[in-house]
Amino acid sequence: MKQRIASRIVLGLPLIWLLLFVLLPVLILAMVSLSESQVGIPPYKPLLNWSEAGQAALAASLNSYVQLAEDGMLAQSLQESLTLAGLTTLICLVVGWPMAWAIARARRERRGPLLLLIMLPFWTSFLVRIYAWMTILGDDGILNNFLIWLGLIDQPWAIMNTDKAILIGMVYAYLPFMVLPLFAVLERIDQSLLEASADLGAGPARTFLSVLLPLSMPGILAGSALVFVPALGEYVIPEMMGGGGSAMMGKMLWDVFALTRDWPAAAALAMALLAAVAVPLVFLQRARHRLAGRDS
């Protein structure tokens, strides 16, 4: 009996946490997105209007969603966000896979220090790291001065305040989230499988495509989710390294919320962002289930 109560408490506390701090805020956000904007506090009209007789009338409206669809704001923002988040995920995968493989194949006593180097940037403030990249990539920054000194360019290469700077910043910020899940999977791969592939006449490329890539797929899916989801709603990097001209959804959400103070429109944009995040997560989850079923 005590064990049953303890198990219910253990399972119930995380459930209560999710209901209070995940589901409830999303429901409030959805309610605000269905309301009408007004000048006042709060800056939106209530969804329920009470008459003198005590009867409630629902005043929900889809005007915020219609407005976003008509002015092209949502399509442009979603397209840019998906493009940059997808490129960030792809580059992190291409760069992170060899890094994770090198750490996984290193001597056991060296893996700890190598993983520490991957985690070391998290010991510094995120803003400080972004300011450092702004110093490196600026027109009078370290990179341009170095390239001019080498004679490779005659004038500074315009990187800051462009999508290239945003992409560099997001790859740098989210690369560890790709390396760590990949390392956890690659470390468990049996070395004898690679030896068997070589004994059967497969070269390095065939071994990678037939053995390593399928076995590392769980880590690829997990790392892609950890990179793609926060990159899709990134705000700080586009604001600081994109020069304020970026149309990514995180930045546009802040602009609508803080500058225009149109909370229903901002809530509608946030719901659209939530839907954009949920769709790839569903596909990734289904792919993980298929891999799990295949392995079992």
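When reading the values below, keep in mind they use all heavy atoms of this one structure, side chains included, and skip hydrogens, waters and symmetry mates.
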- Query: Quick one: do L147 and M134 end up in the same hydrophobic cluster if we chain Ile, Leu, Val, Met, Phe, Trp and Tyr together by side-chain heavy atoms under 4.5 Å apart?
  - Reply: yes
- Item | Minimum heavy-atom distance between A165 and I159, given as atom pair plus value | CB-O, 3.3 Å
- Nearest-0.5 Å distance, CG of residue L82 to CG of residue L87: 11.0 Å
- Task: Report, as yes or no, whether the 6.0 Å neighbourhood of atom CG on D190 holds more than 12 heavy atoms from other residues, nucleotides or ligands.
- Result: yes
- Task: Could you check whether the rings of F122 and F177 sit parallel, tilted or perpendicular, using 30° and 60° as the cut-offs?
- Result: perpendicular
- Residues in side-chain hydrogen bond (donor to acceptor under 3.5 Å, both in side chains) contact with S33, at least two apart in sequence or another chain: Y65
- Apart from L19 itself, its cluster of hydrophobic side chains linked below 4.5 Å comprises L15, L23, L27
- Message: Between M178 and L226, is the side chain to side chain contact (heavy atoms under 4.5 Å, CB included) condition met? List the steps.
- Response: CA-CA 7 Å; M178 181 66 75; L226 290 175; over 6 Å; no
- Output all residues satisfying salt bridge (Lys or Arg N to Asp or Glu O under 4.0 Å) with R111, sequence neighbours left out; order by chain, then residue number. E187
Tell me which donor-acceptor pairs under 3.5 Å the side chains of residues 124-133 have, and how far apart each pair is, sequence neighbours excluded?
unit_1, atom_1, unit_2, atom_2, d
S125, OG, L127, N, 3.4
R129, NE, P121, O, 3.0
R129, NE, T124, O, 3.4

- Query: Does F228 share a hydrophobic cluster with V94, counting links as ILVMFWY side-chain heavy atoms below 4.5 Å and allowing steps through other members?
  - Reply: no
- Is there any side chain to side chain donor-acceptor pair (under 3.5 Å) pair reaching into residues 221-230, and which pairs are they, with sequence neighbours excluded? none
- On a heavy-atom basis, the closest approach of P264 and P43 is CD-O, 4.1 Å
- Query: Is L114 reachable from V185 through a run of hydrophobic residues whose side-chain heavy atoms are each under 4.5 Å from the next?
  - Reply: no
- Message: Ignoring hydrogens, what is the shortest heavy-atom contact between M271 and L29? Give both atom names and the distance.
- Response: SD-CD2, 4.0 Å
- Note on the structure: By side-chain hydrogen bond (donor to acceptor under 3.5 Å, both in side chains), Y44 pairs with (sequence neighbours left out) none
- Could you give the distance from CD1 (I16) to CZ (F21), rounded to the nearest 0.5 Å? 10.5 Å
- Query: Which pair of non-hydrogen atoms, one from P113 and one from E109, has the smallest distance, and what is that distance?
  - Reply: CD-O, 3.4 Å
- Task: Please step through side chain to side chain contact (heavy atoms under 4.5 Å, CB included) for the pair I168 and L137, ending with a clear verdict.
- Result: CA-CA 10 Å; I168 292 173; L137 301 178; 4.1 Å; yes
- Are Y174 and I103 in one and the same hydrophobic cluster, where Ile, Leu, Val, Met, Phe, Trp and Tyr link if side-chain heavy atoms are under 4.5 Å apart? yes
- Task: To the nearest 0.5 angstrom, please state how far the OH atom of Y235 sits from the CE atom of M240.
- Result: 10.0 Å
- Taken to the nearest 0.5 Å, the spacing of I118 CD1 from M99 CE works out to 3.5 Å
- Item | Greater than 12 external heavy atoms within 6.0 Å of D199's CG | yes
- Count the heavy atoms belonging to other residues, nucleotides or ligands that lie under 6.0 Å from CE of M217, then report whether that count exceeds 12. yes
- Partners meeting side-chain hydrogen bond (donor to acceptor under 3.5 Å, both in side chains) with S197 (sequence neighbours left out): T207
- Query: Please walk me through it: do F146 and I153 pass side chain to side chain contact (heavy atoms under 4.5 Å, CB included)?
  - Reply: CA-CA 10 Å; F146 181 67; I153 57 176; over 6 Å; no
- State, yes or no, whether a side-chain contact exists between I220 and L213 at a heavy-atom distance under 4.5 Å. yes
- Item | Residue list, side chain to side chain contact (heavy atoms under 4.5 Å, CB included) with V277, at least two apart or on another chain | V229, L232, L273, L281
- Item | side chain to side chain contact (heavy atoms under 4.5 Å, CB included) between L115 and L180, intermediate numbers included | CA-CA 8 Å; L115 288 175; L180 295 178; 4.0 Å; yes
- For S81, which of K251, M248, E234 qualifies under side-chain contact (heavy atoms from CB on, under 4.5 Å)? M248
- Message: Show the nearest heavy-atom pair for residues N145 and D140, with the distance to one decimal.
- Response: ND2-O, 3.3 Å
- Query: Looking at L209 and P214, what are the two nearest heavy atoms and their distance?
  - Reply: O-CD, 3.4 Å
- CD1 (I136) and CE (M160) are apart, to the nearest 0.5 Å, by 11.0 Å
- So with a 6.0 Å cut-off around CD of Q79, is the heavy-atom count from everything else above 12? no
- Query: Do the side chains of V95 and V179 get nearer than 4.5 Å, heavy atoms only?
  - Reply: no
- Note on the structure: Output for pair (L167 CG, T88 OG1), nearest 0.5 Å, gives 4.5 Å
- Item | Joint hydrophobic cluster, V66 plus V32, side-chain heavy atoms closer than 4.5 Å | no
- Restricting to pairs with a member in residues 91-108, which pass side chain to side chain donor-acceptor pair (under 3.5 Å), not counting sequence neighbours? W97-S216, R105-Q191
- Item | side chain to side chain contact (heavy atoms under 4.5 Å, CB included) against P156, all qualifying residues, sequence neighbours excluded | D139, N144, I148
- Task: Only counting residues at least two apart or in another chain, list the ones meeting side chain to side chain contact (heavy atoms under 4.5 Å, CB included) with N63.
- Result: E36, S61
- Could you list the residues that satisfy side-chain hydrogen bond (donor to acceptor under 3.5 Å, both in side chains) with T83, not counting sequence neighbours? none
